Protein chains: 2
Amino acid sequence: MASPESSNSLTDTKARLLDAAERLFARAGIAATSMRAVTAEAEANVAAVHYHFGSKGELLRAVFERRIAPVNEERLKRLDDLEAAGRGPSVDALVEALVRPALEFASRHPGLSELVGLLQAEPADEVGALFEEVFAETIERFTAALARALPELDEETLHARYGFAIGAMVAVITHRGPFATDPAKVIPDLVRFLSAGMKAPAAPSIASAVPTRETP
Amino acid sequence: MASPESSNSLTDTKARLLDAAERLFARAGIAATSMRAVTAEAEANVAAVHYHFGSKGELLRAVFERRIAPVNEERLKRLDDLEAAGRGPSVDALVEALVRPALEFASRHPGLSELVGLLQAEPADEVGALFEEVFAETIERFTAALARALPELDEETLHARYGFAIGAMVAVITHRGPFATDPAKVIPDLVRFLSAGMKAPAAPSIASAVPTRETP
DNA sequence: GTCTATATGTTGATAGAC
DNA sequence: GTCTATCAACATATAGAC
C-alpha cells in the first residue's frame, strides 16, 4: 500500500522536531528557545526546521495546533452528546464537558500544561491570532448552551463568568496553585467550584431593583 | 533639607529605566526584551542598567516588586481591618479584600496587568522564586481567614479553591476574557462568582459518606 | 531530506574615558 | 553617573555538497 521507502523514517524528523519544540518552548518560553536548541533536542540538523516548517513562527503554530485541536474536538463531542440526550443539559454537566477534556489531556501530555501557560502570557503578536482562531467555536457553542441553562443571566454576565471559569481552569492546567495532581480529584473539585459560581444569583440590575413601589 | 544637587535628576535615570523595562517586558516578554531596547526607551545608556541594577535579572526583580508590593500591602490592610472589626469576616468580604486591591491597581497601572501575565507564564527560572517570596504572606493570611469562615472545608479543598480564585482573578487582570473594563462592574461580578464557588458544598468524602447505617 | 559551513545581526556584560 | 567602544557568545537564516 505505502510507497516503497517513504512513509516512516522520512516524516520521523518532523515529529521529533514537534516533540522537541513543545518540550523546550514549555520549559523556557518561546523567545528564549533557540532553533538550535530545538534541533539539538530532536537530534536533527539546524536546517531541518526550516525545511519542514519554514520558520520558527510556523513551527510554533504547528506545536500548538497538534495539542489543542483534540481538546476542543472532545469538548464539542461531549457537548453534542449532552444536547442530543434530552433537552437542556445542566450547568454542572456543561462545565464538566468544558473542563474535563482539557484537564485530562493536560495530565496525559505534560507538554500541554506549560503550552497553555504560554498561550496565556506570551505577547499576543504571534499567539493571539492563533488563540482566537482555535477557540472561537468552543467559546460560542458553550456560552450559548450555558445561556440556555442560566436564562436569568444577562449575556454580559454570562460571558464574564465563562471567562472566570477558563481562568480558574488554566490555573489548574498550568499548575499555578496548590492543586491535586490527580485529575480524578481536581476535576470534580473544579467543576463543583465553577458550577456554584455560574449559578450564583445575578447582580441586582440598578434599573429593575426595588420594583415594589414606583416613585412618581 | 535635601543635599544641594543630588536628590532629583540623579535617581531620575533609575526611575526611567524601571518605567521603560516595565513597558517593554509587558509588551514583548522578558526574554525577548533586550537591555538595549530598555535603555533606548529610557533614553539612557546601555551601561546604565548595569550600573543601577547590576544585571537584567535584578532589573526584572525591581520592576515586579515596585508594582506588586503595594497590592499586597493593601490586601493585608483590608484583612486587618476586617479581622479587627468584629470576629469572623464573611467569605464575601474576604474574597473582596483579596481581589479588589489587585483589580483596582491593575486598572490604574495598565503595566501591572501585563506584568501579572508574565508572572503567570514566564518560565519559573527567575520569576518563580520571586513569586513565592512576594506572595507568601498574602497566601497564608487569606487561606487562614477563609478556613475560619468555611470550617466545613478540609484544608486541601480550601487551598485548591483559593487557587481557582486566583486563576479567575488573573484572567481578569490580564484581560484574557470578555470582561468589563470598568472595575466598578467587574469586581462585584467576580466577587459574586468566587464567593459562590468558595461556599459550594464540599465533595462528599468517601469515608464519611452515608453515615446513616453501618455495614457490619 | 539531511548535512556542513557560513553570512549577518543581536545579545548581555564590561572597561575605561570623561 | 553617564558615556563610547568593544568583547565573546549566540541568534536566525541561507547556500550548496551529498
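Keep in mind the model is a prediction, meaning the values are calculated, not measured. What's counted below: heavy atoms across the whole structure, side chains too, no hydrogens, waters or symmetry copies. Residue numbering restarts at 1 for every chain, and letters A, B, ... go by the order of the sequence lines.
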Salt bridge (charged side-chain N to carboxylate O under 4.0 Å, His left out) partners for A/Arg23, two or more places apart = A/Glu41
message = How many whole angstroms separate atom NZ of B/Lys56 from atom P of C/dT14?
response = 15 Å
request  = Sort and list the pairs that fulfil side chain to side chain donor-acceptor pair (under 3.5 Å) and have at least one residue in residues 159-168 of chain B, not counting sequence neighbours.
outcome  = none
ask   = Expressed in angstrom and rounded to an integer, what is the separation of A/Phe53 atom CZ from C/dT2 atom P?
value = 11 Å
All salt bridge (charged side-chain N to carboxylate O under 4.0 Å, His left out) counterparts of A/Asp80, not counting sequence neighbours = A/Arg141
ask   = Is the distance from OP1 or OP2 of D/dA11 to the nearest side-chain N or O of A/Ser34 less than 4.0 Å?
value = yes
query = In whole angstroms, how far is the P atom of D/dT4 from the OH atom of B/Tyr51?
reply = 17 Å
Could you list the protein-to-nucleotides 7-9 of chain C atom pairs, N/O on both sides, closer than 3.5 Å?
none

inquiry  = Do B/Lys14 and B/Tyr51 form a cation-pi contact, if we require the NZ or CZ to be under 6.0 Å from the six-membered ring centre and within 45 degrees of the ring's axis?
reply    = no
ask   = When you look for runs of 3 or more Watson-Crick or G-U pairs in a row, both distances below 3.5 Å, which of them include DNA chain C?
value = C:1-7 with D:12-18, C:9-18 with D:1-10
Enumerate, atom names and distances included, each donor-acceptor pair closer than 3.5 Å involving a side-chain atom of residues 90-101 of chain A, sequence neighbours excluded.
| from | atom 1 | to | atom 2 | distance (Å) |
| --- | --- | --- | --- | --- |
| A/Ser90 | OG | A/Ala93 | N | 3.0 |
| A/Asp92 | OD1 | A/Lys199 | NZ | 2.7 |
| A/Glu96 | OE2 | A/Arg100 | NE | 2.7 |
| A/Glu96 | OE2 | A/Arg100 | NH2 | 3.1 |
| A/Arg100 | NH1 | A/Glu104 | OE2 | 2.8 |

ask   = With sequence neighbours excluded, what pairs up with A/Phe135 under the ring pair (Phe, Tyr, Trp, His ring centres under 6.0 Å) test?
value = A/Phe131
With B/Asp154 via salt bridge (charged side-chain N to carboxylate O under 4.0 Å, His left out) - residues at least two apart = none
ask   = What parts of residues 39-49 of chain A reach DNA chain C, counting only heavy atoms under 4.0 Å away?
value = A/Ala44, A/Asn45, A/Ala47
Test log, rule side chain to side chain contact (heavy atoms under 4.5 Å, CB included), inputs B/Ile173 and B/Phe105 = CA-CA 9 Å; B/Ile173 291 178; B/Phe105 269 77; over 6 Å; no
key: Set of residues satisfying side-chain hydrogen bond (donor to acceptor under 3.5 Å, both in side chains) with respect to A/Asn72, sequence neighbours excluded   = A/Arg75, A/Thr138
request  = Tell me, please, which residues at least two apart from B/Arg36 pass salt bridge (charged side-chain N to carboxylate O under 4.0 Å, His left out).
outcome  = none
request  = Whole angstrom is fine here: how far is it from NE2 in B/His50 over to C1' in D/dT2?
outcome  = 15 Å
Nucleotide C/dG1, atom C1' - distance to NE2 of A/His52 in whole Å = 7 Å
query = Looking only at side-chain N and O atoms, does A/Thr13 come under 4.0 Å of OP1 or OP2 in C/dG1?
reply = no
ask   = What pairs of residues pass the ring pair (Phe, Tyr, Trp, His ring centres under 6.0 Å) test when at least one of them lies in residues 168-191 of chain B, not counting sequence neighbours?
value = A/Phe164-B/Phe179
